[in-house]
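Okay, so here's the structure we're looking at.
Per chain, numbering begins at 1; letters A, B, ... match sequence-line order.
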Number of protein chains: 2
Amino acid sequence: MAVTIKDVALHAQVSRSAVSRTFTDGASVSDKMRKKVEKSSDLLGYRPNLLARSLTTNRTKLIGLISNNYKNPFFFEIFDLFTRGLQDIGLRPLLVNLTNDEDPKACAELLAQYSVDAVIFMGSELHAGFSTAIRQKDIPVVHSFGRPADDVQVHTISVDDKQCGQVAAQTLLKLGYKSVGFIGGGSTMQVINDRLIGFETEIAKHPDIKFCKHFAGTHSFVAGRNTMQKILEKPHADAYFFSDDILSIGAISAIQDAGLSVPNDIGVIGMNNMEMAGWNNISLTTIHQPTAQIVSSTIELVEAIMEDQERHPETRLFSCMLVERSTLRSNPKN
Amino acid sequence: MAVTIKDVALHAQVSRSAVSRTFTDGASVSDKMRKKVEKSSDLLGYRPNLLARSLTTNRTKLIGLISNNYKNPFFFEIFDLFTRGLQDIGLRPLLVNLTNDEDPKACAELLAQYSVDAVIFMGSELHAGFSTAIRQKDIPVVHSFGRPADDVQVHTISVDDKQCGQVAAQTLLKLGYKSVGFIGGGSTMQVINDRLIGFETEIAKHPDIKFCKHFAGTHSFVAGRNTMQKILEKPHADAYFFSDDILSIGAISAIQDAGLSVPNDIGVIGMNNMEMAGWNNISLTTIHQPTAQIVSSTIELVEAIMEDQERHPETRLFSCMLVERSTLRSNPKN
DNA sequence: ATATATTTTGCAACCGATTGCAAAGTTGTT
DNA sequence: AACAACTTTGCAATCGGTTGCAAAATATAT
């Protein structure tokens with residue numbers, strides 16, 4: 001069995017309180033006592049049991065890390081950032097995979113049973129039932145990389161999706177594209193809708209530009225490819241903005257298979273700037289979201305909320321950035 | 001504050017034991033009592049605190065899920081499988097990211113402090129210090145998708161790497177390639193070495209075949225691309241077997257940029273059959289590992305070990321399968 | 001109805017920690 | 001040396017549960 005505080009106390013001939021105090025910072029212990037306890041602890045290999053501790057401190061340092069986006073490699077990058085960021089400050093991510101519509105209510109309950117200090121949801125679509133269930137348990141929630149439905153009050157950190165759409169539109173306009181399209185994942189998702197609004201609003205300022213939109217249903221290679229194949233059966237636009245890089249990559253494969261060229265026949269601009277977008281065989285022009293900043297800001301906010309539970313829900317929006325590569329024409333056509 | 005067993009006992013006018021018993025299966029409670037308790041619990045919204053429970057049961061249902069492979073999208077697929085598989089049987093993954101050489105000893109200690117019931121390491125290279133540290137704490141470990149160094153005794157579940165190399169070699173031989181190469185990630189990794197051994201041994205049976213090998217240092221697109229670029233500066237083989245799909249994909253981009261064609265000028269066969277390998281614009285011929293089976297077998301083994309800690313370390317090897325796509329010539333050249 | 005076997009229940013101790021409080025020990029002042 | 005002020009320590013209660021044991025309740029046999 002693992003060595004407990006009792007063993008150390010016995011060995012060092014001191015009270016259990018003394019041992020406890022040397023392991024909680026800010027507690028009052030004399031140097032002499034500390035030395036004595038540390039000697040015994042080292043000898044026996046004692047570490048405080050964090051779960052037992054949590055019983056009295058009401059702090060587990062466990063953070064629920066939830067996502068429903070295990071199919072898009074972009075989220076793996078975010079995963080990496082989150083897990084490292086959390087463990088760097090001594091917090092431990094407890095994972096929940098909501099990919100397959102697992103019951104969000106039950107999942108919220110489970111997190112409560114593990115007394116997580118907070119919950120981070122990463123992904124575009126935060127299930128309303130989940131967030132209310134979790135908040136009802138008084139567990140702080142932060143939603144990152146997405147926007148909740150309008151009626152949900154929750155801390156939100158993401159890129160400015162409308163601006164992303166706007167920048168994409170401006171980029172296409174500047175390059176002289178006359179007929180442009182938007183291709184999104186699901187039509188019901190808030191972030192995708194925002195990107196669409198930003199894009200369409202900007203395009204609408206130029207009545208001579210033709211506009212169309214399509215939805216692929218989900219953010220995946222296959223969805224992008226299939227959607228583009230359908231589009232190519234009829235007359236098409238000369239450039240498309242996609243709500244996710246992975247869609248663009250699928251679409252490009254369809255375009256090329258149809259014997260057309262990117263960017264000569266059709267221009268493509270993606271969204272996210274996932275690592276793959278920079279690969280030389282893809283070289284996707286795309287809108288970059290500052291993932292590292294969003295992640296660290298999320299973690300900071302989580303820390304802050306744990307201190308002050310009453311904090312009012314806040315929204316932090318980050319600016320995007322155009323990353324020019326090779327899937328749009330480089331000069332305005334005239 | 002959350003509602004506790006005490007609140008329920010008070011409300012239902014029964015003892016705390018009674019409440020506890022209705023929430024632990026196999027305990028002796030009369031139907032009448034159960035109904036009474038359940039009524040109160042439902043009303044108050046009570047769920048047992050799993051961490052408090054763990055104090056007496058010595059079971060947390062927490063499983064440490066460790067990886068040092070957050071850069072290779074193939075592992076995201078495995079991640080998805082593991083997290084879903086675990087939560088399906090009521091276990092919760094506690095994540096540790098070892099990507100950046102975080103101190104494995106400290107990490108092992110941390111997992112012990114959270115009293116995880118077991119640890120799953122997924123990745124090719126299990127740090128010896130880590131595994132001994134964790135086993136010293138009497139926490140069961142299973143290593144999946146990799147092989148530990150020879151001197152480490154630990155439960156191991158993976159594909160038969162030597163066989164993978166062998167199958168790759170046979171495939172190339174059958175298609176009449178006369179000069180073949182092996183391109184691996186790190187030269188020190190056991191799995192890569194095994195793949196090399198399987199490959200080289202098979203090739204060596206045919207003295208007329210030319211053989212060479214290279215190491216890219218790591219499994220990434222860029223590493224594959226750079227390595228191939230170097231190779232192309234001099235006379236090269238006419239087909240290569242890569243120890244990971246992602247290397248192949250990087251290499252293909254280099255080959256194509258050099259104005260050569262896959263498979264006409266150079267054949268490529270990868271390893272893993274990650275989802276991306278099946279994308280139409282890549283269509284990589286590769287060796288498939290049965291990931292779903294490896295994952296579920298790992299989880300089963302973990303459950304078994306938790307029952308019987310004394311179980312002797314065991315190795316489970318799965319067969320691989322060739323997946324033919326478009327990066328090798330389709331008929332023997334003569 | 002009584003004796004016996006079986007099931008159900010509550011008491012109290014325990015799991016591994018923390019912490020308020022009062023007693024004991026130090027230090028400084030006069 | 002006596003006293004006050006402050007620090008350090010241990011006691012005992014507590015966190016939210018589980019569980020062995022004996023008493024109470026119920027079922028079964030005679």
Side-chain angles (χ1 to χ4, degrees), chain A residues 1-38 40-41 44-62 109-117 137-138, chain B residues 1-38 40-41 44-62 109-117 137-138:
Chain A
M1 240 7 303
V3 20
T4 76
I5 202 170
K6 211 177 179 177
D7 304 322
V8 179
L10 227 60
H11 184 273
Q13 309 248 51
V14 299
S15 72
R16 279 147 67 229
S17 328
V19 180
S20 170
R21 285 191 181 105
T22 71
F23 280 93
T24 39
D25 23 41
S28 132
V29 237
S30 67
D31 271 11
K32 218 199 309 180
M33 175 65 87
R34 159 156 277 128
K35 290 270 175 298
K36 199 156 44 155
V37 170
E38 274 171 354
S40 294
S41 313
L44 303 177
Y46 169 74
R47 299 286 135 167
N49 178 330
L50 261 30
L51 304 183
R53 169 182 283 172
S54 81
L55 230 44
T56 43
T57 59
N58 277 315
R59 282 296 176 94
T60 55
K61 303 216 165 205
L62 250 28
E109 227 135 49
L110 223 138
L111 287 169
Q113 289 192 272
Y114 279 101
S115 321
V116 296
D117 287 343
K137 304 263 177 197
D138 273 318
Chain B
M1 241 2 311
V3 20
T4 76
I5 202 171
K6 212 174 178 179
D7 304 322
V8 179
L10 227 60
H11 184 272
Q13 310 249 50
V14 299
S15 71
R16 279 147 66 227
S17 329
V19 181
S20 169
R21 285 189 182 105
T22 70
F23 281 94
T24 39
D25 24 41
S28 136
V29 237
S30 67
D31 271 10
K32 217 197 312 179
M33 175 64 88
R34 157 156 280 129
K35 291 271 176 298
K36 198 157 43 158
V37 171
E38 274 171 355
S40 295
S41 314
L44 302 178
Y46 168 75
R47 299 286 135 165
N49 178 329
L50 261 30
L51 304 183
R53 170 181 284 173
S54 81
L55 229 45
T56 43
T57 59
N58 278 316
R59 281 298 175 92
T60 55
K61 304 218 165 203
L62 250 27
E109 227 136 47
L110 222 139
L111 287 169
Q113 289 192 273
Y114 278 100
S115 322
V116 295
D117 287 344
K137 304 264 178 195
D138 274 319

Could you check how far CG of B/Leu10 sits from P of D/dG16, rounded to whole Å? 14 Å

Return no unless some side-chain N or O of B/Tyr46 is found under 4.0 Å from OP1 or OP2 of D/dG17. yes

For A/Arg59, report the nucleic acid contact type (base, sugar-phosphate, nothing); a contact means any heavy atom under 4.0 Å. nothing

What are the atom names and distances for every N/O pair under 3.5 Å that joins the protein to nucleotides 8-12 of chain D?
from: D/dT8; atom 1: O3'; to: A/Ser30; atom 2: OG; distance (Å): 3.3
from: D/dT9; atom 1: OP1; to: A/Ser30; atom 2: OG; distance (Å): 2.7
from: D/dT9; atom 1: OP2; to: A/Ser30; atom 2: N; distance (Å): 2.9
from: D/dT9; atom 1: OP2; to: A/Ser30; atom 2: OG; distance (Å): 3.3
from: D/dG10; atom 1: OP2; to: A/Ser15; atom 2: N; distance (Å): 3.3
from: D/dG10; atom 1: OP2; to: A/Ser15; atom 2: OG; distance (Å): 2.9
from: D/dG10; atom 1: N7; to: A/Arg21; atom 2: NH1; distance (Å): 3.2
from: D/dG10; atom 1: O6; to: A/Arg21; atom 2: NH2; distance (Å): 2.6
from: D/dC11; atom 1: N4; to: A/Ser17; atom 2: OG; distance (Å): 3.0

A/Ser41: what forms a side chain to side chain donor-acceptor pair (under 3.5 Å) with it, not counting sequence neighbours? none

Between A/Thr4 and A/Asn49, is any pair of side-chain heavy atoms under 4.5 Å apart? no

With A/Tyr46, which residues qualify under ring pair (Phe, Tyr, Trp, His ring centres under 6.0 Å), at least two apart? A/Phe23

Write down the distance between CG (A/Leu50) and P (C/dA17), rounded to a whole number of angstrom. 9 Å

Going by heavy atoms in the side chains, are A/Leu51 and B/Tyr114 under 4.5 Å from each other? yes

What is the distance, to the nearest angstrom, from the CG atom on A/Asn49 to the P atom on D/dC15? 18 Å

Sorted by chain and residue number, the side chain to side chain donor-acceptor pair (under 3.5 Å) partners of B/Ser54 (sequence neighbours excluded) come out as none

Please report the distance, rounded to the nearest Å, between NZ in B/Lys6 and P in C/dC11. 14 Å

Output the rounded distance in Å from CG (A/Asp7) to P (C/dA17). 9 Å

Atom CZ of A/Phe23 and atom C1' of C/dT19 are separated, to the nearest Å, by 17 Å

Between side-chain atoms of residues 28-37 of chain A and protein atoms elsewhere (two or more places apart, or another chain), which donor-acceptor pairs fall under 3.5 Å?
from: A/Ser30; atom 1: OG; to: A/Met33; atom 2: N; distance (Å): 3.2
from: A/Arg34; atom 1: NH2; to: A/Thr22; atom 2: O; distance (Å): 3.1

Please give, in whole Å, the distance from C/dC14 P to B/Asn58 CG? 16 Å

Sugar-phosphate only, base, or nothing, as touched by B/Thr4 at under 4.0 Å among non-hydrogen atoms: sugar-phosphate

Round to a whole Å and report the spacing from CZ of B/Arg53 to P of D/dC15. 19 Å

Of the options D/dT18, C/dG16, C/dT19, whose atoms approach the side-chain atoms of B/Ile5 most closely? D/dT18

With respect to the phosphate group of D/dC15, does any side-chain polar atom (N or O) of A/Thr56 fall under 4.0 Å of OP1 or OP2? no

Please list, chain by chain and in numerical order, all residues satisfying salt bridge (Lys or Arg N to Asp or Glu O under 4.0 Å) with B/Lys137, sequence neighbours excluded. B/Glu109

Sugar-phosphate, base or nothing in reach of A/Ser54, heavy atoms under 4.0 Å: nothing

